[in-house]
Amino acid sequence: MDDLVDEAKDRETAQAKIKEASRVLNWIFSTKPPSKPLYDYLDVERSPEQTSALSPLLSSIALLPISRLTLKPLLELLSGFEMDLEFSAESKKFPIATESDLEIYSHRVAGTVASSLLELVFHHYDMGEIIYDQAQRDRIINSGQHMGQALQYVNIARDIKRDAAIGRVYIPTSWLAQEGITPSDVLSSPDHDRLAIFEDRMLRKATEAYKHSVRAIDELPEEARRPIKTTIESYMMIGEMVRKRRQSGIKEEGKLKIALWRRLRLAWWEMNGSN
């Protein structure tokens with residue numbers, strides 16, 4: 001769905017994809033007995049081009065293990081994509097106006113993913129010696145949502161220049177205004193040294209959310225806990241690399257990534273060396 005939105009030829013096409021996804025998700029999660037198969041759900045006449053474009057969407061939704069997931073996080077994820085479509089450099093529309101907007105957006109595009117992941121964990125491991133009551137589930141999922149936001153903040157700090165290239169500024173407008181900067185300034189000069197303060201502020205926000213949530217991971221079953229921790233620590237390591245890159249004045253092209261040997265070492269440690 002992310003690709004269908006980001007790679008759409010125009011905003012109208014992307015909006016149509018989101019609407020289609022919402023309709024199909026509501027249908028497939030409906031408690032009413034389906035009257036026809038998923039692929040026959042949309043019976044309006046379509047051109048071959050429209051049918052081809054819709055196929056990847058329906059194919060993906062058909063693979064969802066709906067008996068082990070809930071609908072709400074998936075619809076919230078679509079709401080996050082809708083926020084992305086609100087950006088308009090020409091009209092000077094930037095939906096991340098406040099820190100609250102930043103938190104809402106990060107929850108929608110990342111916190112929801114954590115929710116669905118943990119729903120799967122609880123389904124597969126809520127048996128035998130490990131039994132979670134509803135209060136534990138809710139608390140762990142809430143922490144997972146905050147952790148998802150933390151990782152999204154790292155993404156935003158890392159990708160200021162990449163996002164500016166497609167007309168998006170995820171730094172809250174209210175933050176920028178405190179330094180006499182506008183989102184349009186960021187679009188025109190995404191490498192400017194003045195943006196270092198916002199990059200650092202975003203990473204500090206990520207660290208705070210991380211610290212608030214990380215202890216809940218230890219309550220997960222070992223088979224799930226260790227790969228999840230590996231992923232999280234990899235993201236936080238990227239945050240440290242972003243800090244060092246800015247401090248050293250290095251301006252790299254492309255997405256900042258962890259070297260393979262460092263990822264393998266981290267994975268080995270989380271899988272074998274940490275508790």
Exercise: identify the closest heavy-atom pair between L74 and S116: CD2-OG, 4.2 Å
Heavy-atom closest contact (R225 atom, L220 atom, distance): NH1-O, 2.9 Å
Pairs under 3.5 angstrom only: tabulate donor-acceptor contacts from the side chains of residues 163-172 to other protein residues two or more places apart or in another chain.
| residue | atom | partner | partner atom | Å |
| --- | --- | --- | --- | --- |
| R168 | NH1 | Y170 | OH | 3.4 |
| Y170 | OH | D84 | OD1 | 2.5 |
| Y170 | OH | Y105 | OH | 3.3 |

Between OG on residue S143 and CZ on residue R215, distance to nearest 0.5 Å: 10.5 Å
Point-to-point distance, once rounded to the nearest 0.5 Å, from NZ of K17 to CG of L4: 6.0 Å
Sequence neighbours excluded, every pair satisfying ring-ring contact (aromatic ring centres under 6.0 Å, His included) that has a member inside residues 62-81: none
From Q149, H146, E76, residue fulfilling side-chain hydrogen bond (donor to acceptor under 3.5 Å, both in side chains) relative to H107: E76
Side chains of residues 64-73: which donor-acceptor partners sit under 3.5 Å, not counting sequence neighbours?
| residue | atom | partner | partner atom | Å |
| --- | --- | --- | --- | --- |
| T70 | OG1 | E119 | OE1 | 3.4 |
| T70 | OG1 | E119 | OE2 | 2.4 |

Those residues that, when tested against R204, pass salt bridge (charged side-chain N to carboxylate O under 4.0 Å, His left out) (two or more places apart): D200
Q15 side chain near V5 side chain, heavy-atom distance below 4.5 Å: no
Pairs touching residues 101-112 that satisfy salt bridge (Lys or Arg N to Asp or Glu O under 4.0 Å), sequence neighbours left out: E103-K205
Minimum side-chain heavy-atom gap V186-L195 below 4.5 Å: yes
Set of side chain to side chain donor-acceptor pair (under 3.5 Å) partners for R11, sequence neighbours left out: none
E233-Y210 side chain donor-acceptor pair, cut-off 3.5 Å: yes
Separation of F198 CZ from I160 CD1 (nearest 0.5 Å): 9.0 Å
K244 side chain near M241 side chain, heavy-atom distance below 4.5 Å: no
Those residues that, when tested against A114, pass side-chain contact (heavy atoms from CB on, under 4.5 Å) (two or more places apart): none
Evaluation steps, side chain to side chain contact (heavy atoms under 4.5 Å, CB included), between I96 and F87: CA-CA 9 Å; I96 312 300; F87 283 98; 4.0 Å; yes
Nearest non-hydrogen partners of M147 and S213, listed with the distance: N-OG, 3.6 Å
Closest contact, heavy atoms only, V154 versus A206: CG2-CB, 3.8 Å
Exercise: identify the closest heavy-atom pair between A110 and G148: CB-O, 3.2 Å
Modelled atom types, side-chain donor and acceptor of R139 and N142, under 3.5 Å: no
Side-chain (S88) to main-chain (S91) donor-acceptor, under 3.5 angstrom: yes
Salt bridge (charged side-chain N to carboxylate O under 4.0 Å, His left out) involving E240 - partner list, sequence neighbours excluded: R243
Within-4.5 Å side-chain heavy-atom neighbours: N26 and L75: yes
Reported CD-to-CZ distance for the pair E179 and R201, which is rounded to 0.5 angstrom: 8.5 Å
For S100, side chain to side chain donor-acceptor pair (under 3.5 Å) partners two or more places apart: none
T182: partners by side-chain contact (heavy atoms from CB on, under 4.5 Å), with sequence neighbours left out: S184, D185
Heavy-atom pair of closest approach, residues W175 and E99: NE1-OE1, 3.4 Å
T231/I228 under side chain to side chain contact (heavy atoms under 4.5 Å, CB included): CA gap, chis, key distance, verdict: CA-CA 5 Å; T231 301; I228 287 173; 5.9 Å; no
side-chain contact (heavy atoms from CB on, under 4.5 Å) partners for K19, two or more places apart: R23
side-chain contact (heavy atoms from CB on, under 4.5 Å) partners of Q134, counting only residues at least two apart: R137, D138
Pairwise distance CD1(I141) to CZ(F122) - rounded to 0.5 angstrom: 5.0 Å
Check against side chain to side chain contact (heavy atoms under 4.5 Å, CB included), I61 and M1: CA-CA 9 Å; I61 292 177; M1 190 63 219; over 6 Å; no
Candidate pair S22 and I18, rule side chain to side chain contact (heavy atoms under 4.5 Å, CB included), full reasoning: CA-CA 6 Å; S22 178; I18 293 172; 5.6 Å; no
Interatomic distance, I156 atom CD1 to L203 atom CG [nearest 0.5 angstrom]: 10.5 Å
